[in-house]
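Take a look at the structure set out below.
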Amino acid sequence: MPLVTQPLRDEHKELLPLLEQVKMAADAVGGGASAAEALDRAYRFLAEHLLPHAEAEEAALYPVVGRIMGSPDATKTMQVDHAKVGHLTEELRQLREQLADQTPSAEQARELRRVLYGLYTLVKVHFAKEEDVYLPLLDSHLTAEEARTMFDAMEAAAQRAKQG
Ligand SMILES: [Fe+2]
Ligand SMILES: [Fe+2]
């Protein structure tokens, strides 16, 4: 029987390869026009795909995890991760804006790498926590019907977040 959380596993499988763009952008910092393109791609992934995904989880998935774990506070640590991803993405937006089309100074290059590698590692660990802890919990507690309702709500929340 397929796992009831398969839709979220599939979504993560689509997002994770795109996360590599964040690491590629960090590796490319200071490398001219291709570095600027890599930075744009990484930023768009974070702002347009990853953050709406996080918002949808907070709206529809984490409350269900909290209910199963017996406390609405159970997912607070993961919400802190989401907030930190949001702050670092905003920092990245500001750095990008300051840069305009210029080559980064040594200081700006250091800042860009700090933010990009930081995001890469934070998001990777965050995904692992969801997949290793939350999804098995949901798989063992939710009926197929309950999971469907949860994913419909998540989809609606993601659409709202993307329209922002
Ligand atoms: Fe998440
Ligand atoms: Fe996720």
Side-chain angles (χ1 to χ4, degrees), residues 1-27 38-96 111-164:
M1 215 172 79
L3 296 167
V4 299
T5 59
Q6 198 55 46
L8 192 83
R9 293 173 189 274
D10 292 344
E11 200 174 323
H12 275 187
K13 234 181 253 161
E14 280 172 29
L15 291 170
L16 265 182
L18 298 175
L19 177 64
E20 293 305 309
Q21 293 176 346
V22 176
K23 183 160 150 289
M24 274 152 48
D27 293 342
L39 188 60
D40 283 349
R41 258 197 307 277
Y43 177 75
R44 280 202 306 273
F45 161 69
L46 293 160
E48 294 169 18
H49 296 282
L50 192 67
L51 287 172
H53 168 79
E55 238 180 271
E57 285 177 341
E58 286 194 30
L61 188 107
Y62 287 7
V64 178
V65 172
R67 189 161 43 74
I68 294 169
M69 288 179 129
S71 165
D73 291 339
T75 60
K76 279 245 170 86
T77 52
M78 295 292 273
Q79 293 178 45
V80 171
D81 288 359
H82 285 174
K84 189 70 187 166
V85 171
H87 295 155
L88 286 168
T89 302
E90 172 56 21
E91 241 189 289
L92 192 63
R93 190 192 64 75
Q94 287 171 14
L95 284 166
R96 224 166 122 249
E111 287 290 283
L112 280 167
R113 287 192 195 97
R114 171 183 63 76
V115 170
L116 288 163
Y117 285 129
L119 275 162
Y120 178 73
T121 305
L122 170 60
V123 174
K124 256 217 133 83
V125 176
H126 180 84
F127 269 53
K129 289 188 287 190
E130 281 175 353
E131 294 194 357
D132 297 350
V133 183
Y134 285 2
L135 299 191
L137 194 74
L138 292 167
D139 279 321
S140 63
H141 284 82
L142 295 186
T143 64
E145 181 61 35
E146 287 167 332
R148 235 188 330 267
T149 305
M150 180 182 76
F151 287 125
D152 285 349
M154 211 180 137
E155 178 59 32
Q159 289 309 325
R160 278 198 303 277
K162 281 180 186 172
Q163 281 154 17

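Side chains included, hydrogens not; waters and symmetry mates left out as well; all remaining heavy atoms used. Just so you know, ligand 1 is whichever comes first in the structure, and atom 1 is the first atom listed for that ligand.
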Would you say the Fe ion (ligand 1) has [X] as a near neighbour, meaning an N/O/S atom of that residue under 2.8 Å away?
X	result
H82	yes
E58	no
D81	no

Donor-acceptor contact below 3.5 Å, side chain T143 vs main chain E146: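 Yes; at least one donor-acceptor contact below 3.5 Å.
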Aromatic ring pairing Y62/Y134, orientation class (parallel under 30°, perpendicular over 60°, tilted between):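 Because their plane-to-plane angle is over 60°, the rings of Y62 and Y134 count as perpendicular.
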What I'd like to find out is whether the side chain of [X] reaches to under 4.5 Å of the side chain of [Y], using heavy atoms alone.
X	Y	value
E131	L8	no
M78	E58	no
D81	V125	no

Pairwise distance CD(E20) to CE(M24) - rounded to 0.5 angstrom: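 Atom-to-atom, E20:CD and M24:CE are 8.0 Å apart.
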Name of whichever N/O/S atom of H126 is nearest to the Fe ion (ligand 1):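 Considering only N, O and S atoms, H126 comes nearest to the Fe ion (ligand 1) through NE2.
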N, O or S atom of H53 closer to the Fe ion (ligand 2) than 2.8 Å: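 Looking at H53, which is the residue asked about, there is an N, O or S atom under 2.8 Å from the Fe ion (ligand 2).
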N/O/S atom of E130 inside 2.8 Å of the Fe ion (ligand 2), strictly under: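 Checking the Fe ion (ligand 2) against E130, an N, O or S atom does fall under 2.8 Å.
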Identity of the N, O or S atom of E57 lying closest to the Fe ion (ligand 2):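 For E57, the N, O or S atom at the smallest distance from the Fe ion (ligand 2) is OE2.
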